[in-house]
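A short worksheet on the structure shown next.
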Protein chains: 2
Amino acid sequence: MTVQQSGRRERKKAATRQKIADTALRLFLERGYDAVGIREVAAEADVAVTTLFSHFASKEALVFEQDEDFEHRLTRAVTDRSPHEPLIPALRREVLALVRHCTADGAAPVWRMIEASPALRKYDEAVRLRHADALARAIAADPGLTRSETAARTLARFVIDAYSLSREAPDPEAALDEIFPMIEAAWEAARPPRRT
Amino acid sequence: MTVQQSGRRERKKAATRQKIADTALRLFLERGYDAVGIREVAAEADVAVTTLFSHFASKEALVFEQDEDFEHRLTRAVTDRSPHEPLIPALRREVLALVRHCTADGAAPVWRMIEASPALRKYDEAVRLRHADALARAIAADPGLTRSETAARTLARFVIDAYSLSREAPDPEAALDEIFPMIEAAWEAARPPRRT
DNA sequence: AACGTAGCACTAACGGATAGCTTTTCCTAA
DNA sequence: TTAGGAAAAGCTATCCGTTAGTGCTACGTT
């Protein structure tokens, strides 16, 4: 059994991973995602191609490196909210925070790059669908809610749509102000039919 | 200027395309999508690989060949409805028809294959997003509707979600019965704020 | 000090997709 | 009828993302 690693190996591994991610992002922003090949990234980061793929599952994953906690934050907005806080406002707060995070000045060039590449957009969509599934499970598991499982899945999709649509909108926060009342109404309309 | 083609060329081209599509679908269903390579499809259809790719933009497109009018049907449900018919029921009717079409006995093995392959699922997602965009444009262009453009885009996403969610549900039609009242409520909540 | 293994490198290949160029097939106009 | 033009299909060679197989090296453990 592997017990405790006292550090040097882990640090070296993390450093390699970081160097790859940094190099990749730099090259992608400099010359465009599609114009830079994997072999080039690996060479510039001074690692073998196989090493690169042992740290990142795909070329796209190099770009989406940081947004790992995204899913966790959304589900926690459901599960960790205070006992009688209504669901929708809690979700709205979290989506707003995520949108702000994506549209912040630092992240803007990255998102422009993502929207410019079909491959990256596709990847982003797939990620969002995974998030919608996780969110649906969190909502369905909430004991205080009496909606059906279909309603839970639907709400989750709608919330992810809100995130995606507002990120693309010219005024993201205004878009959220418009979409979330629609979601609220939809959730109200899914009143307790029968138990799941 | 090319004038009128009297037919032989067009027919031969269509025949080639059809032969490729048929061969591909047959091989994919027989042995699995991932187990059959492009070179093999081309060989079995007795065409060159480059010819195959001049008819279909990608391997995935071989599978989604027939669902081209999908988008057209959805937008027509909006634009061609009778003058004062409300929007949501018209969309619901069309989505129901599409879901029935996908879950019909003939199409079932194809959809099982699609859900079994990550590449095909991803492609399907991308196709749905395109459809949502087209639907959003059709809704926004309707002169009788006074909602904002954000509301139109949101409705379009929700409708596509309804299609997608109900296709995956154990009882697709029951799922639609549950989701569309939610959509109706959301659309009602997007009351005329200001003109677009 | 010796062993086990995690991390990384190297080569070689696979499968999807494309660029460049030639050949075939069909349409049309002289 | 035939010559010219162009669309369709073919061939070759290659790029690109990704993976398998195989070692070697450096680290952590005993």
Side-chain angles (χ1 to χ4, degrees), chain A residues 1-21 23-25 27-28 31-65 114 117-123 126, chain B residues 1-25 27-28 31-65 117-123 126:
Chain A
M1 293 297 119
T2 53
V3 210
Q4 265 294 21
Q5 308 282 34
S6 67
R8 176 122 83 247
R9 234 178 214 176
E10 282 178 350
R11 271 184 290 116
K12 288 209 172 185
K13 180 172 183 177
T16 301
R17 181 191 165 90
Q18 198 58 41
K19 185 173 186 185
I20 294 171
T23 305
L25 199 57
L27 291 180
F28 290 161
R31 324 215 315 265
Y33 178 79
D34 294 308
V36 179
I38 282 289
R39 288 160 176 87
E40 205 170 344
V41 174
E44 182 88 7
D46 200 29
V47 297
V49 173
T50 48
T51 301
L52 189 155
F53 277 108
S54 78
H55 284 279
F56 299 91
S58 66
K59 188 187 181 188
E60 293 94 37
L62 284 166
V63 174
F64 289 87
E65 194 229 351
I114 291 171
S117 157
L120 288 175
R121 277 209 306 275
K122 255 184 152 178
Y123 189 86
Chain B
M1 291 298 118
T2 54
V3 211
Q4 265 294 21
Q5 307 283 36
S6 66
R8 176 121 83 248
R9 228 176 220 175
E10 282 178 350
R11 270 184 288 116
K12 284 211 173 183
K13 182 173 182 175
T16 302
R17 182 190 167 91
Q18 198 56 44
K19 184 172 186 186
I20 294 170
D22 291 349
T23 305
L25 199 57
L27 291 180
F28 291 161
R31 323 215 315 265
Y33 178 78
D34 294 309
V36 179
I38 282 289
R39 290 162 175 86
E40 205 170 346
V41 174
E44 182 89 7
D46 199 29
V47 297
V49 173
T50 47
T51 300
L52 188 156
F53 277 111
S54 78
H55 283 280
F56 299 92
S58 66
K59 187 187 181 189
E60 293 92 40
L62 284 167
V63 174
F64 288 87
E65 194 231 348
S117 158
L120 288 175
R121 277 208 306 272
K122 254 186 151 179
Y123 189 88

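Protein chains get the first letters and strands the later ones, always in sequence-line order, with residue 1 at the start of each.
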Partner residues of A/Tyr33 under the ring pair (Phe, Tyr, Trp, His ring centres under 6.0 Å) criterion, sequence neighbours left out: A/Phe28

Partner of A/Thr23 by side chain to side chain contact (heavy atoms under 4.5 Å, CB included), out of A/Leu27, A/Leu25, A/Ile20: A/Leu27

Does [X] have a side-chain nitrogen or oxygen under 4.0 Å from the phosphate oxygens OP1 or OP2 of [N]?
X       : N      : answer
A/Lys12 : D/dC27 : yes
A/His55 : C/dC8  : yes
B/Ser54 : D/dA8  : no

Among residues at least two apart in sequence or on other chains, which ones pass side-chain contact (heavy atoms from CB on, under 4.5 Å) with [X]?
X        : answer
A/Ala14  : none
B/Tyr123 : A/Lys122, B/Ser58, B/Glu60, B/Ala61, B/Phe64, B/Val127
B/Glu65  : B/Arg17, B/Gln18, B/Ala21, B/Phe56

Of all pairs that satisfy side-chain hydrogen bond (donor to acceptor under 3.5 Å, both in side chains), the ones with a partner from residues 35-44 of chain B, not counting sequence neighbours: B/Arg26-B/Glu44, B/Arg31-B/Glu40

B/S/- contact track for nucleotides 15-22 of chain D, protein heavy atom under 4.0 Å: -BBBBB--

Calculate the interatomic distance between [X] atom [atom1] and [N] atom [atom2]; express it in whole Å.
X       : N      : atom1 : atom2 : answer
A/Arg11 : C/dA6  : CZ    : P     : 19 Å
B/Arg17 : D/dA8  : CZ    : P     : 12 Å
A/Asp46 : C/dC8  : CG    : P     : 12 Å
A/Lys13 : D/dA26 : NZ    : C1'   : 15 Å

Donor-acceptor pair (no angle test) under 3.5 Å: B/Arg9 side chain, D/dA6 base: yes

